[in-house]
Trainee: 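Handing you a structure now.
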Amino acid sequence: MKIYHICFLCIFLIMISACSASYNGMIISQVDEAYTQNKDKKYIIIPADKNIYYESLEFKEYSNYVARAMHMQGFYTSKNINEADAVVFLSYGISDPQKHTYTDYTPVWGQTGVQSSSTYGTVNPYTGSYSANTTYIPQYGTTGYVPEVRTVTIYARGIGLNAFMLNKGEKSINIGPQMWKLNVASAGRSGILRDVFPVMIFGAREYIGKDSKQSIEFEIKENDKDLIRFIRGDNTASVN
């Protein structure tokens with residue numbers, strides 16, 4: 001699953017220009033029109049990578065976030081494959097650290113002119129001579145910019161959801177047609193996927209089982225109340 005490699009440059013440009021109090025990402029989703037309205041089906045979430053253990057603590061945590069996001073969109077999930085009508089293969093990953101250099105411009109503060117002036121004069125009563133003294137009040141502002149080369153370490157993060165029908169026989173269960181897929185990519189300074197996984201899946205929640213038609217950018221404030229409730233699990237469901 002290489003969506004984060006495809007979108008990395010775009011997201012990096014978004015990230016360095018965005019406020020540090022925000023999370024940014026990109027979504028690409030597709031749907032088979034024949035299955036667009038089939039939310040009544042029950043899904044089981046399993047690892048897309050055969051090297052990821054289904055009962056591992058990491059996968060349980062991530063799949064629960066996915067289940068919460070799916071429930072918010074009206075989907076049903078289960079841990080029992082015998083009860084499931086469809087399967088969602090969950091993949092996720094994070095890149096090695098990548099150093100990027102860019103130029104930032106620091107404003108230089110200085111005098112830009114004269115804001116106002118005051119002149120005071122005196123007359124010598126004996127000689128009749130006149131002398132004046134003028135006081136100038138300077139005006140300050142940005143006089144220019146100094147370029148500074150900065151280096152930042154960035155990690156690309158990706159999540160993939162691929163949903164397929166399940167064809168059940170008397171003695172076997174086989175993978176059927178693909179129903180929908182969702183890829184989420186983000187880039188940032190955190191190299192810990194656990195910190196950003198819930199944010200990414202929350203940001204992509206509205207496109208689960210929907211067709212984005214094109215790549216979609218999203219931005220979420222870190223103090224977003226709905227995000228905080230989602231991470232805590234308030235009013236949302238995990239995998240049954």
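Each residue takes its place number in the sequence, starting with 1. All values derive from a computational prediction rather than experimental measurement.
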Trainee: Heavy-atom distance under 4.5 Å between the side chains of Ile45 and Met70, does that happen here?
Mentor: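 With C-beta onward as the side chain, the pair touches.
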Trainee: To the nearest 0.5 Å, tell me how far Arg150 CZ sits from Thr103 OG1.
Mentor: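 Going from the CZ atom of Arg150 to the OG1 atom of Thr103 covers 10.0 Å.
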Trainee: Write down the atom of Glu222, the atom of Leu227, and the distance for their closest heavy-atom approach.
Mentor: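 Heavy-atom minimum between the residues: O-CD2, 4.3 Å.
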Trainee: Does Arg194 count as lying over the ring of Phe197, i.e. NZ or CZ under 6.0 Å from the six-ring centre, within 45 degrees of the axis?
Mentor: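 So Arg194 doesn't make the cation-pi contact.
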Trainee: Taking side chain as C-beta onward, heavy atoms only, is Tyr155 less than 4.5 Å from Ile192?
Mentor: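 Answer no - side chains too far apart.
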Trainee: Working to the nearest 0.5 Å, report the span between CD of Gln214 and OG of Ser29.
Mentor: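 Result: 10.5 Å between the selected atoms.
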Trainee: After noting the C-alpha distance and the side-chain angles of Asp49 and Tyr92, does the key distance pass the side-chain contact (heavy atoms from CB on, under 4.5 Å) rule?
Mentor: CA-CA 9 Å; Asp49 187 342; Tyr92 46 83; over 6 Å; no
Trainee: Between the side chain of Asp85 and the main-chain N/O of Lys42, is any donor-acceptor distance below 3.5 Å?
Mentor: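 Yes: the side chain of Asp85 pairs with the backbone of Lys42.
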Trainee: Shared ILVMFWY cluster between Met179 and Ile175, side chains joined below 4.5 angstrom?
Mentor: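 Yes; Ile175 is reachable from Met179 via cluster members.
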Trainee: Using side-chain contact (heavy atoms from CB on, under 4.5 Å), reason through Asn174 and Leu166 one step at a time and then give a plain yes or no.
Mentor: CA-CA 6 Å; Asn174 299 310; Leu166 289 176; over 6 Å; no
Trainee: Same cluster for Tyr54 and Leu161 if Ile/Leu/Val/Met/Phe/Trp/Tyr side chains link at under 4.5 Å?
Mentor: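 Tyr54 clusters together with Leu161.
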Trainee: Would Val66 end up clustered with Ile81 when hydrophobic side chains under 4.5 Å apart are linked, directly or stepwise?
Mentor: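 Same cluster: Val66 reaches Ile81 through Ile, Leu, Val, Met, Phe, Trp or Tyr contacts under 4.5 Å.
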Trainee: State plainly whether one hydrophobic cluster holds both Val87 and Ile173, where clusters connect Ile, Leu, Val, Met, Phe, Trp and Tyr through side-chain heavy atoms under 4.5 angstrom apart.
Mentor: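 In one cluster with Val87: Ile173, yes.
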Trainee: Counting distance only, does the side-chain N/O of Thr142 pair as donor-acceptor with the main-chain N or O of Gly144 below 3.5 Å?
Mentor: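 No, because the side chain of Thr142 does not come within donor-acceptor range (under 3.5 Å) of the backbone of Gly144.
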Trainee: Flag the pair Lys221 and Asp224 as a salt bridge only when some basic side-chain nitrogen lies within less than 4.0 angstrom of an acidic carboxylate oxygen.
Mentor: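 Looking at Lys221 and Asp224, the cut-off is not met.
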Trainee: Would you call the rings of Tyr43 and Trp180 parallel, tilted or perpendicular if under 30° counts as parallel and over 60° as perpendicular?
Mentor: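 Aromatic pair Tyr43/Trp180 classed tilted.
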Trainee: Are Ile28 and Ser215 close enough, and set up right, to give a side-chain contact (heavy atoms from CB on, under 4.5 Å), and what steps lead you there?
Mentor: CA-CA 5 Å; Ile28 299 177; Ser215 61; 3.9 Å; yes
Trainee: For Leu57, which fellow cluster members are found when Ile, Leu, Val, Met, Phe, Trp and Tyr are connected by side-chain heavy-atom distances below 4.5 angstrom, either directly or through intermediates?
Mentor: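 Same cluster as Leu57: nobody, lone residue.
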Trainee: Would you compute the distance between atom NZ of Lys181 and atom OG of Ser212 and round it to the nearest 0.5 angstrom?
Mentor: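 The distance works out to 10.5 Å.
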Trainee: Might you point out which heavy atoms bring Asn162 and Gln178 nearest each other, and give the distance in Å?
Mentor: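 Reported closest heavy-atom pair: OD1-NE2, 3.0 Å.
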Trainee: Please test Phe230 against Tyr65 for side-chain contact (heavy atoms from CB on, under 4.5 Å), starting from the C-alpha separation and ending with a verdict.
Mentor: CA-CA 8 Å; Phe230 176 79; Tyr65 283 128; 4.0 Å; yes
Trainee: Answer yes or no: is there a donor N or O on one side and an acceptor on the other, between the side chain of Arg205 and the main chain of Arg68, under 3.5 Å?
Mentor: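 The answer is no, because no donor-acceptor pair under 3.5 Å joins these two groups.
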Trainee: Supply the atom-to-atom distance Tyr62 OH to Leu90 CG, rounded to the nearest 0.5 angstrom.
Mentor: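 One gets 9.5 Å once the value is rounded to the nearest 0.5 Å.
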Trainee: Measure up the Phe89 and Phe164 rings against each other and bin them: parallel (under 30°), tilted (30 to 60°), perpendicular (over 60°).
Mentor: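 Perpendicular.
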Trainee: Could you tell me the separation between the CD1 atom of Ile208 and the CD1 atom of Ile201, rounded to the nearest 0.5 Å?
Mentor: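 Here the interatomic distance stands at 5.0 Å.
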Trainee: Just by distance, do the side chain of Thr143 and the backbone of Val108 share a donor-acceptor pair under 3.5 Å?
Mentor: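 Side chain of Thr143 to backbone of Val108, a donor-acceptor pair under 3.5 Å: yes, one is there.
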